[in-house]
Amino acid sequence: MKIIGTGSAIPKKTVTNDMLSEFLDTSDEWITERTGIKTRHIITTERFEDLATEAASRAIDASGLCPDDIDYIICSNVSNLYVTPHLAAIVQNGLGIKGPNCPTMDVNVACVGFVYGLDLCDALLSTGRARNILLVAAEECTRFCDWTDRNCSVLFGDAAAAVVVTKGDSLVASHLTSVPMPDVIVYKNPMEPTPFETREGIDTHKALEMKGREVFRNAVTSATRDISQIVESAGLSLDDIDHFLLHQANLRINEAIREKLNQPESKFPTNVQMLGNTSSASIPLLLDSGVREGRIRRGDTLLLSAFGAGFVTGVIILKY
Ligand code: UT7
């Protein structure tokens, strides 16, 4: 596979830490010190699906293709209004791609969705199932936060980012993992009990729950392991990597990973300070801004690494 276009879209409303401390028992000092986050963007008047479609449209424009050249659409998302139809079908409609020869599907692998999605793109392209794939990562995690709970609501932001991927030989190596830890990050859809429900206390609506410290520890350990192993198995050294695009959950997590790898700060672009944790959109957002601002150039070696609920991780090395 080869990435030929990138795009992104963020909601216009900026929410600062001070704005949160007006109704939560928190402070700019606490949030900045523990997470690095200063602001996040939150959906207000926009429609989430329009944001996803806008990011997709920008990626298609940047690729030089037109929407009808797209013959597969994959969307990564955890949180959005629609359980069904899936987001990829909604984006297809928004882009005016009539089909029928353009399958659409969503992947839900939490914050690792973009990395899993790219790996899937490579499989589809190399087996001839598709020629030009649109991969969109769009999230509105702020919807599943309890806004009276300072533990989670201060961490997230909404955003969408996309890439167009075609046949090529960019992929150097890829490694995906999953270790069952179903209770470290959990969100259950609102469900009404049926007349036949026999269990007591069915969960009807829960906000996101997270064991923050456990996630923190696992994130640092697994990302450091994934990165070291993939670099070695690809016959490279850490110094061969030009840009480490890490999932943006917490600046302290990424700083701990960087220190363990003993690599310079300049190789680790960040957006969590401005955008908060945007789940699977965080890595393609880094990619899009890096490409558009000229920091990521053709031929650069990129390493993408993410972790998330599951507990799932994914790491990819590619020549941009
Ligand atoms: O995409 C993956 C999603 N999740 C993550 O990546 C999360 C990973 N974990 C983290 O980022 C950190 O664990 C957090 C930022 C969530 C929390 O930081 P921490 O340093 O692990 O703090 P803590 O949970 O141990 O809490 C320390 C204290 C507690 O008070 P007590 O019990 O010591 O009195 C919390 O109640 O900080 C309190 N606290 C807050 N205080 C002010 C928790 N949230 C807040 C808040 N403002 N927003």
Side-chain angles (χ1 to χ4, degrees), residues 15-40 42 76-80 107-117 137-159 161 177-179 181-187 206-224 226 245-258 268 270-273 275-286 304-315:
V15 175
T16 64
N17 294 341
D18 285 338
M19 287 159 80
L20 296 179
S21 27
E22 283 170 21
F23 61 93
L24 285 172
D25 180 16
T26 189
S27 64
D28 176 45
E29 192 188 0
W30 192 96
I31 301 171
T32 307
E33 193 180 297
R34 301 292 176 120
T35 71
I37 299 167
K38 296 297 278 182
T39 61
R40 72 284 293 140
I42 296 187
S76 157
N77 67 95
V78 185
S79 53
N80 82 76
V107 293
N108 172 349
V109 207
C111 307
V112 197
F114 182 73
V115 176
Y116 264 62
E139 307 278 10
E140 51 177 347
C141 294
T142 59
R143 294 269 183 221
F144 61 28
C145 293
D146 172 355
W147 284 92
T148 62
D149 170 19
R150 64 182 185 176
N151 286 294
C152 282
S153 54
V154 304
L155 303 175
F156 294 98
D158 305 326
T177 79
S178 183
V179 175
M181 293 172 70
D183 61 349
V184 291
I185 309 176
V186 194
Y187 174 71
K206 288 237 171 178
L208 182 77
E209 286 172 6
M210 185 170 64
K211 295 182 178 163
R213 285 194 173 184
E214 211 172 318
V215 176
F216 195 112
R217 270 196 308 277
N218 273 296
V220 175
T221 314
S222 60
T224 314
D226 283 357
L245 308 187
L246 305 188
H247 170 47
Q248 304 283 299
N250 181 323
L251 208 56
R252 278 165 58 219
I253 292 179
N254 293 2
E255 195 48 28
I257 297 167
R258 186 185 74 74
F268 290 74
T270 57
N271 61 31
V272 68
Q273 302 95 319
L275 301 179
N277 180 347
T278 53
S279 188
S280 68
S282 80
I283 290 179
L285 282 162
L286 286 177
L304 283 49
S305 167
F307 64 88
F311 194 85
V312 177
T313 74
V315 60

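We count ligands from 1, going down the list as the structure has it; atoms in each ligand are counted the same way. Fair warning: this is a prediction, and the values are worked out from it, not measured in the lab. Numbers here are sequence positions counted from 1.
Partner of R40 under the side chain to side chain donor-acceptor pair (under 3.5 Å) criterion, chosen from T142, T16, T278, N17: N17.
Residue G212 has at least one N or O atom closer than 3.5 Å to an N or O atom of ligand 1.
Against a heavy-atom cut-off of under 4.0 Å, T35 is close to the following atoms of ligand 1: 15 (C). The ligand atoms of ligand 1 that sit less than 4.0 angstrom from a heavy atom of V154 are 48 (N). Ligand-side atoms of ligand 1 in range of F307: 2 (C), 6 (O), range being under 4.0 angstrom from any heavy atom. Which parts of ligand 1 touch R34 is read off a 4.0 Å heavy-atom cut-off, strictly below it: atoms 19 (P), 20 (O), 22 (O), 27 (C). The atoms of ligand 1 that sit less than 4.0 Å from any heavy atom of R252 are 20 (O). Each of the following atoms of ligand 1 lies closer than 4.0 Å to a heavy atom of A249: 1 (O), 6 (O).
The closest non-hydrogen atom to atom 47 (N) of ligand 1, taken over T26, L20, D149, comes from T26. Distances from atom 18 (O) of ligand 1 to the heavy atoms of F156, F216, W30 put W30 nearest. One option in M210, R213, E29 has a heavy atom closer to atom 7 (C) of ligand 1 than any other, and that option is M210.
No side-chain N or O of S305 forms a donor-acceptor pair with one of D226 less than 3.5 Å apart.
Protein heavy atoms are absent from the 4.0 Å sphere centred on atom 29 (C) of ligand 1. Contact annotation for atom 4 (N) of ligand 1: protein present (non-hydrogen atoms, distance under 4.0 Å). Counting only heavy atoms, the protein gets under 4.0 Å from atom 13 (O) of ligand 1. When distances from atom 32 (O) of ligand 1 to the protein are checked, no heavy atom turns up under 4.0 Å. For atom 41 (N) of ligand 1, the protein comes within 4.0 Å by at least one heavy atom. The nearest protein heavy atom to atom 9 (N) of ligand 1 is closer than 4.0 Å.
Regarding atom 35 (C) of ligand 1, its nearest protein heavy-atom neighbour is R150 NH2, 3.8 Å. Shortest contact from atom 11 (O) of ligand 1 to any protein heavy atom: N250 ND2, 2.7 Å. Looking at atom 1 (O) of ligand 1, its nearest protein heavy atom turns out to be N277 ND2, 2.8 Å. In terms of protein heavy-atom proximity, atom 43 (C) of ligand 1 is closest to N151 OD1, 3.1 Å. Looking at atom 16 (C) of ligand 1, its nearest protein heavy atom turns out to be L155 CD1, 4.0 Å.
R217 has no carboxylate O lying under 4.0 Å from a charged side-chain N of E214, or vice versa, which leaves the two without a salt bridge. Note on R258 versus E255: salt bridge recorded, some NZ/NE/NH1/NH2 to OD/OE distance being below 4.0 Å. Classification of D158 and R143 as a salt-bridged pair fails, no side-chain N sitting under 4.0 Å from a carboxylate O.
Looking at every heavy atom in both residues, K211 comes nearest to D183 through NZ-OD2, 2.9 Å. Pairing each heavy atom of P284 with each of A137, the nearest pair is CG-CB, 4.0 Å.
Judged by the shortest distance from any of its heavy atoms, C111 lies inside the 4.0 Å radius around the atoms of ligand 1.
Atom CG of N277 and atom CD of E139 lie 9.0 Å apart (nearest 0.5 Å).
With a 4.0 Å cut-off on non-hydrogen atoms, L24 does not touch ligand 1 at all.
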